[in-house]
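All residue numbers refer to positions in the sequence shown, counting from 1.
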Amino acid sequence: MLREQPGPRWLVWVSVPAVTPAAVSSVHGARTMAELACLRAAARGLVEGWEEHGLGGMIVVVGSGGGLDELGDPGNGALTGFASALGQEYPESGIAVVDVGDQRSAALASRIVGLGRPPAGHHELGLSGAGYLATDLVPVRSSVVDAGSAPPGTGVLDALREPDAAVVVSGDVSGIVARIVCSAAEGLAGPAPGQLFLLGPTSPVGGPSRRALDAVEVQAMVTRLRAAGIRVHHVGVDVRAARGMREFGERLRLDAVTVRTVVHIAGSGRSGGIADTPAGEWEAAVAAEVVGFDNLLSAAGDGVRLVIAHGSPVAMLGPPAGTGRSAANEYLARSVSRLRAERPGVVAQYVEWPLWEGLEVDDAAAGTTRFAGASLDRLPVDRGVAWASVLAGQAATLPARLAVLPAPVPPLARVALSGPSDRRGVGATTGPVPGRCDVADAGEGERT
């Protein structure tokens, strides 16, 4: 119907109420994936109608914990990320996210209907009892991320200094995760009696040649880590598989090994237009971050002290075809914020990274072109690796969510990354700093 009926095509999507308020739950992740799969199918029919008969729009209505609040339901956050990325793909459409919170009344429904078509290119709109909501970026000054300073607190691999302790890492070992983990391992002083577990690779795309390359890269990473004196194990388990992850956690507990640190950096596969990407590929890629993150924390158990998740604003600022990546990143970011709020003994951090120099990414050519057009430079690898260690070391004193962006922040970045929030408004980075990236944050729990 969305594809074939004449006239402008509109979709009003009302989110499913959350099954559980917990941020870490396999039930929660499965519910989110089911809704995202349905929304993807509906949106595909919608945009095919737009392409053939002219543009319309989409309104996503979220509630029961909110989609625009960092501490709200992570599943609704995923819907917000999906809608925002779809707006980047179809900039002339009218796409809005309306957050009704816990208020379910006829009067509020009338207000939503009265919004009408959002202006073209305006893809996030918050509505609550307090009115319209917005926030902006502020900088964390370069002194906070001075690569020459020793990071206080808990580093990425510091738990390896404890006997019977473990660090669990999930992600693509051909990119950022390999550089960060290997650099941290080589920087450890003294013996490391703990154990490091590398899970994956979890990439759902690629044929035999890609899998063969993954195997070579895994072995290269393991060799480098062992040369640094690390007891490292590569476990070929898919983080999306609840049973396999549960068995992994049980084996660790039977061996009296306590997971202290979890690092999650699973990618979201190849970015493609929502009308072009096969449904199975799209869903499998998103599940690596959504279901995978929940499974990781469930397997890790109650001994976790540090959780670090990595994402990327490429979904917003790179190729305009990243609904899966954007939805997964928003789910991760809000799950991390909820985790920090609900478990005070856990230091949790989510970091969004730009494109890195010398590291291949999906749709690299399109992403590079769009970044260059927005005056967004790639991040030098050495600086990024150093900052990753410093930011993790200072995670307890920094906001739960950080974004690493060039300074000054271009207008496109401010539009794409400044989402509606019920937090205070703050300013953006200022002053030309050629070739340097700063970290922007908006205070505890606020979106960057």
Any side-chain heavy-atom pair of [X] and [Y] under 4.5 Å:
X	Y	answer
Trp13	Cys38	yes
Cys182	Met221	yes
Glu283	Leu36	no
Asp73	Arg31	yes
Leu199	Leu296	yes
Val181	Leu196	yes
His310	Val263	yes
Asp158	Leu188	yes

Legend entry - Gap between atom CD1 of Ile265 and atom CH2 of Trp353 - 0.5 Å precision: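 Atom-to-atom, Trp353:CH2 and Ile265:CD1 are 9.0 Å apart.
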Inset, instruction - Could you check His234 against Gln219 for side chain to side chain contact (heavy atoms under 4.5 Å, CB included), going step by step and ending with a plain yes or no? - result: CA-CA 9 Å; His234 176 234; Gln219 189 56 49; over 6 Å; no
Legend entry - Asp382 atom CG, neighbour heavy-atom count above 12 within 6.0 Å: no
Side-chain donor/acceptor of [X] to backbone N/O of [Y], under 3.5 Å:
X	Y	result
Asp294	Gly29	yes
Glu330	Thr80	no
Arg334	Gly75	no
Arg40	Ala279	no
Arg161	Ala192	no
Arg340	Ala348	yes
Ser337	Ala333	yes
Ser326	Gly322	no
Arg260	Gly303	yes

Inset, instruction - Before accepting this row, confirm whether a basic side-chain N of the pair Arg325/Glu289 lies closer than 4.0 Å to the acidic partner's carboxylate O. - result: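 A salt bridge is absent here (no side-chain N lies under 4.0 Å from a carboxylate O).
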Inset, instruction - Verify side chain to side chain contact (heavy atoms under 4.5 Å, CB included) between Val235 and Arg251, making sure each step is shown before the conclusion. - result: CA-CA 12 Å; Val235 182; Arg251 286 199 303 272; 4.1 Å; yes
Inset, instruction - Can you sort out the partners of Arg253 under side-chain hydrogen bond (donor to acceptor under 3.5 Å, both in side chains), two or more places apart, ordered by chain and number? - result: none
Inset, instruction - Measure the acute angle between the ring planes of Tyr331 and His28, then classify it against the limits of 30° and 60° as parallel, tilted or perpendicular. - result: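 Because their plane-to-plane angle lies in the 30° to 60° range, the rings of Tyr331 and His28 count as tilted.
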Inset, instruction - Show your working on side chain to side chain contact (heavy atoms under 4.5 Å, CB included) between Asn329 and Tyr350 and close with a plain yes or no. - result: CA-CA 9 Å; Asn329 283 346; Tyr350 172 83; 3.3 Å; yes
Legend entry - Residues that Phe197 engages under ring-ring contact (aromatic ring centres under 6.0 Å, His included), provided they are two or more places apart: His233, Phe248
